[in-house]
Amino acid sequence: MERLTFNVGRGREGQPVVAGRTSMSRRSAGGAKADATAAAVAVPVREKYDWDYLWLLAFTAVLFFRPQDQVPGLEALHLAELTAIFGLAAMAVRRLGAGLAVAKVNAELVGVMALGGVILMSIPFSIWPGGSLKVFSDIYVKIILIFALMMSTITSPKRIRQMTWIMIIASSYIAGRAVFDYVRGVNLVEGDRVRGAVGGMFENPNDLALNLVTFLAPTLFILIQDRKPSRRAFAGLCAVVMLAAIVCTKSRSGFLGLICMGTVVGYYTIRIRPGIVLAAVLAGAMALPVMPQSFWNRMDSIVNGEEDQTGSREARLRLLNQGLQVFADNPITGVGAGQFKNYNDPTVTQEKWRVTHDVWLQVASELGIFGLIAFTFLVIRAYTANLMALRLMRGRRRAPPAVTLPEKERVILDQNAKGMLAAMVGWTICSFFASVAFNWTFYYVFALAVAGREIVQARRAAAKAAEPAPAPTQRLVRVHA
């Protein structure tokens, strides 16, 4: 019942319901099928905003805007924890009152919980059990709970769009502050690399670039595909600010992620609007002379080690070998979540008090083979969720789409699937140079990808449920004289 009421009509989940088989069976087969399709794609009624979803929006705003870093006194209020608790409590009340389970469980939520289980089980074998327990209790348990809240509340295309816009606006705000700081020559590291003006996942220049590359992807698809000129104009402004901030970070991983993410955007765009791709290429060529020479010198060090003046390239190579050795020495349990930087073996450690700067080495060295398997499962599911949503909406070659949607909803879900797919490509490339396994960025992109697929699948199930039962065939009985 939950799948049928997940996002169609005004059922127990607060959505519109389609006509059932009883009323349809009285009509002709052809008319019934047409009416069922029309019912499945009918314009939804005004959406009701549940308290759990509103608290999720508040948590997301606090997480990305981080007002506690700017306003004295807010840190003591623990706004993120309060909004999360209120949201989870409201979700439990709403769903239990509707006769549903406390949370909507799918394979992706089970995978997120499984990774948490690996973290928990590895604590007794950690080189610092207290530190690993802190990673689980302060970070990952919140990821599990918020991911479950997102799975149970992001149940319509409109909610997907709203959540995406919060992340885009927050990223643009942080990017704008970074550009402003770079122009003023403040908040710089390594001489001329800007870092985030707020803490958390935006503070480090490479992490800032990773987040901006990730959330730039859905911004570009809104710019390219949205039907409303005002939204396209605002998305274009956000994209320009994000691109400028990525340049100011001078992040080599961000530059590589930007190229790969842009390739995915170009692939989907050139098939429908090739002129935009040509215009983007020309605009990029015209912007090349404006780039600071220090940016190109640092990008040149990707392939030319002699251009690296900071020594970070050689340090990362040493960390790569160190991470592989730590994993080889602790293949089952790892050294504990968050404990690679505290691992100190004279025969292995070359770079002390450093993280792996590679998400796969981070998971492998800290959680062992089981953690690596669980995390790989999550990344794969993030990709397949987007691809499945696109396939269901478009249909296979020479076959109609598996589900028919109203044009407005189809555009939103198509933008979401493409945007989150491109975001995953950008995130994946950047993650090869960053320890971000327990950062929020991936799990938000993952949740939006899965939510889009779940909505499309729910609409498909509702359309099938609305179809009439096949008419019984008449059997001819031969009577022998």
Side-chain angles (χ1 to χ4, degrees), residues 119 122 125-128 131-132 135 188-196 201 203-211 213 246 249-260 294-369 371-373 375-376 379 426-439 441-442:
I119 296 174
S122 68
F125 307 97
S126 172
I127 62 172
W128 182 25
S132 296
V135 171
L188 304 179
V189 296
E190 298 179 13
D192 60 350
R193 299 183 63 199
V194 71
R195 63 179 182 178
M201 58 188 179
E203 186 172 9
N204 180 276
N206 291 325
D207 291 347
L208 174 61
L210 177 147
N211 281 279
V213 167
I246 293 171
T249 64
K250 296 183 174 63
S251 171
R252 291 168 292 195
S253 60
F255 179 68
L256 294 174
L258 178 64
I259 292 176
C260 295
S294 57
F295 174 82
W296 294 116
N297 291 339
R298 186 169 176 83
M299 297 308 107
D300 189 36
S301 66
I302 297 175
V303 294
N304 186 2
E306 297 178 356
E307 293 293 334
D308 184 15
Q309 304 298 323
T310 63
S312 62
R313 190 173 186 270
E314 288 74 13
R316 286 176 184 258
L317 291 175
R318 289 191 293 269
L319 283 169
L320 173 64
N321 294 327
Q322 184 174 315
L324 291 172
Q325 188 60 52
V326 171
F327 174 55
D329 293 344
N330 307 271
I332 305 299
T333 62
V335 297
Q339 301 313 306
F340 179 86
K341 62 182 178 181
N342 297 321
Y343 187 75
N344 188 11
D345 185 341
T347 63
V348 175
T349 305
Q350 302 179 54
E351 294 285 334
K352 295 182 179 181
W353 317 116
R354 300 286 296 275
V355 295
T356 60
H357 287 287
D358 182 293
V359 73
W360 305 101
L361 280 180
Q362 177 193 8
V363 174
S365 62
E366 294 183 356
L367 301 180
I369 187 64
L372 184 61
I373 291 173
F375 188 74
T376 303
V379 174
W427 178 89
T428 302
I429 298 301
C430 293
S431 70
F432 282 110
F433 308 93
S435 299
V436 290
F438 310 130
N439 285 18
T441 309
F442 165 71

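Everything quoted here is computed from the prediction, not taken from an experiment. Throughout, numbering of the chain's residues begins at 1 and tracks the sequence.
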Is there a side-chain contact between Val436 and Ser431, using heavy atoms and a 4.5 Å cut-off? yes
side-chain contact (heavy atoms from CB on, under 4.5 Å) filter on Phe125, not counting sequence neighbours, yields Thr333
- Message: Measuring only between side-chain heavy atoms, which start at C-beta, is Arg193 closer than 4.5 Å to Arg298?
- Response: yes
Next on the checklist: Can you confirm whether Gln339 sits close enough to Ser132 that some side-chain heavy atom of one is under 4.5 Å from a side-chain heavy atom of the other?
Outcome noted: yes
Between Phe442 and Val359, does a side chain to side chain contact (heavy atoms under 4.5 Å, CB included) hold up when you go through it step by step? CA-CA 11 Å; Phe442 165 71; Val359 73; over 6 Å; no
Is Asn211 reaching over with its side chain to a backbone N or O of Asp207, donor-acceptor style, under 3.5 angstrom? yes
- Message: Within the structure provided, determine whether Leu210 and Trp427 are in side-chain contact (heavy-atom separation under 4.5 Å).
- Response: yes
When every non-hydrogen atom of Val194 is compared with those of Leu188, the smallest separation belongs to CA-CD2, 3.7 Å
For Asp358, the side-chain hydrogen bond (donor to acceptor under 3.5 Å, both in side chains) test, sequence neighbours excluded, returns none
_Are Leu361 and Leu324 packed together at the side-chain level, in the sense that at least one heavy-atom pair is separated by less than 4.5 angstrom?_
yes
When every non-hydrogen atom of Ser253 is compared with those of Ser251, the smallest separation belongs to OG-OG, 3.0 Å
Here the gap from Leu208 atom CG to Met201 atom CE, rounded to the nearest 0.5 Å, amounts to 10.5 Å
Sorted by chain and number, sequence neighbours left out, ring pair (Phe, Tyr, Trp, His ring centres under 6.0 Å) with Phe327 holds for none
- Distance-only, no hydrogens or angles: does the Glu366 side chain make a donor-acceptor pair with backbone N or O of Gly338 under 3.5 Å? yes
- Message: Below 30° counts as parallel, above 60° as perpendicular, anything between as tilted: where do the rings of Phe375 and Trp360 land?
- Response: perpendicular
For Arg195, the side-chain hydrogen bond (donor to acceptor under 3.5 Å, both in side chains) test, sequence neighbours excluded, returns Asn187
Notebook entry, point to check: Would a 4.5 Å heavy-atom cut-off, applied to side chains only, mark Gln362 and Val355 as touching?
Noted result: no
To the nearest 0.5 Å, atom CD1 of Ile119 lies from atom OG of Ser126 at 11.5 Å
Item to complete: Tell me yes or no: between the side chains of Asp329 and Gln325, is some donor less than 3.5 Å from an acceptor?
Response: yes
When rounded to the nearest 0.5 Å, the distance separating CG of Leu372 from CG of Leu367 is 9.0 Å
Those residues at least two apart in sequence (or on a different chain) that pass side-chain contact (heavy atoms from CB on, under 4.5 Å) with Phe255 are Ile259, Phe295, Trp296, Met299, Ile302
Scanning both residues in full, the closest heavy-atom pair of Gly323 with Ser365 reads O-CB, 4.1 Å
Between the main-chain N or O of Asn206 and the side-chain N or O of Asn204, is there a donor-acceptor pair closer than 3.5 Å?
yes
Taken in chain and number order and not counting sequence neighbours, the residues that satisfy side-chain contact (heavy atoms from CB on, under 4.5 Å) with Asn330 are Val326, Val335, Tyr343
